[in-house]
Amino acid sequence: MVTQRRQPIEIVRFDQVGLVYPGGHRVLHGLSQSFNVGSFTFLTGVSGAGKTSLLKLMYRGVRATEGTVRVFGKDVNRISSSELPQYRQRIGIVFQDCKLFPHLNVLDNVALALKVSGTDVKTARTHAKELLQWVGLGQHLYEMPYTLSDGQKQRVAIARAVITRPLLLLADEPTGNLDHEAGYRLLRLFEELNKIGTTVILATHNKALIAEFPYPEVELHQGRLVSVANVSAKVSHG
Ligand SMILES: Nc1ncnc2c1ncn2[C@@H]1O[C@H](COP(=O)(O)OP(=O)(O)OP(=O)(O)O)[C@@H](O)[C@H]1O
Ligand SMILES: [Mg+2]
């Protein structure tokens with residue numbers, strides 16, 4: 001019997017994508033790139049290169065000026081505003097500035113993500129507690145976000161993004177406020193999630209942390225993505 005090699009399936013595909021912000025600032029230009037289902041990719045580039053903008057295009061935080069962005073096989077520009085919340089439920093997003101709900105305590109910030117996807121409150125809180133303990137915030141469950149350090153807020157944001165086990169995780173500088181050990185531990189959490197099927201795209205400046213993980217790195221440079229030279233030296237995952 002002849003067994004056929006399965007083709008990798010794309011979860012995200014950019015085709016000739018350009019992005020110009022109102023006011024005329026061009027950030028992306030003719031960018032084409034695919035991300036396969038189950039992949040783990042580091043996204044790098046100097047400050048202002050457009051990493052956050054690229055992630056925003058995927059969750060339709062902004063719309064491409066030119067070209068097409070396809071996620072889960074769908075042109076994101078064609079998603080209607082009534083379909084957007086459902087679309088975003090399949091995506092975990094760690095925002096660069098955390099964006100916690102200021103009126104909810106740590107536990108409910110994380111549990112809410114599960115409640116929204118239909119889990120009952122008690123189960124949602126139980127799962128949220130476990131995850132928060134794992135990220136080292138077990139002693140802070142009932143505190144309000146404004147009482148937390150930046151690194152603690154970042155860990156709440158990460159717990160909130162991963163608790164639903166999203167198909168696609170977009171993490172924007174998720175370890176920016178963490179020391180190396182805490183950053184490493186959180187990347188291990190992303191790795192665990194990746195192993196059970198989540199595709200991870202992680203924007204970061206943290207080259208020391210990237211060097212510890214065997215995943216490819218693409219760099220935004222002059223509006224396009226380029227593979228970083230040492231990618232081939234790294235062992236590809238999956
Ligand atoms: N809403 C906006 N309106 C106009 N210009 C914007 C907007 N958002 C971002 N920009 C500009 O687009 C460029 C890319 O910004 P972006 O935040 O995507 O970069 P980045 O690579 O994430 O940077 P950093 O590493 O500092 O987070 C910057 O020059 C920024 O000033
Ligand atoms: Mg950014």
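Atoms considered below: every heavy atom in the structure, side chains included; atoms not considered: hydrogens, waters and symmetry mates. One-based numbering, in listed order, for ligands and for the atoms of each.
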Check: Mind checking whether Leu54 has a heavy atom under 4.0 Å from ligand 1?
Finding: no
Notebook entry, point to check: Have Glu212 and His180 got a donor and an acceptor in their side chains that come within less than 3.5 Å?
Noted result: yes
Next item on the list: Specify whether Phe95 and Tyr59 have parallel, tilted or perpendicular ring planes, treating 30° as the upper limit for parallel and 60° as the lower limit for perpendicular.
Entry: perpendicular
Next item on the list: Could you tell me whether Pro22 and ligand 1 have an N or O pair separated by under 3.5 Å?
Entry: no
Checklist line | Atoms of ligand 1 close to Ser47 [distance to a heavy atom under 4.0 angstrom, numbered from 1] | finding: 23 (O), 24 (P), 25 (O), 26 (O)
Margin query: Taking only non-hydrogen atoms of Gly23, do any sit less than 4.0 angstrom from ligand 1?
Written below: no
Next item on the list: Below 4.0 angstrom from a heavy atom of Ala49, which ligand 1 atoms are there? Numbered from 1 as shown, please.
Entry: 19 (O), 21 (O)
Checklist line | Whether Gly45 lies under 4.0 Å from ligand 1, heavy atom | finding: no
Notebook entry, point to check: Applying a strict 4.0 Å limit to heavy atoms, is His205 in contact with ligand 1?
Noted result: yes
Next item on the list: Enter the distance from Thr41:OG1 to Ile201:CD1 here, rounded to the nearest 0.5 Å.
Entry: 6.0 Å
Check: What orientation do Phe72 and Tyr87 show, parallel under 30°, tilted 30 to 60°, or perpendicular over 60°?
Finding: perpendicular
Check: More than 12 non-hydrogen atoms from neighbouring residues, nucleotides or ligands closer than 6.0 Å to CZ on Arg26, yes or no?
Finding: yes
Margin query: Salt bridge check, Asp15 against Arg70: does any charged N sit closer than 4.0 Å to a carboxylate O?
Written below: no
Item checked: Per atom 15 (O) of ligand 1, closest listed option by heavy atom (Gly176, Ser53, Ala203) -> Ser53
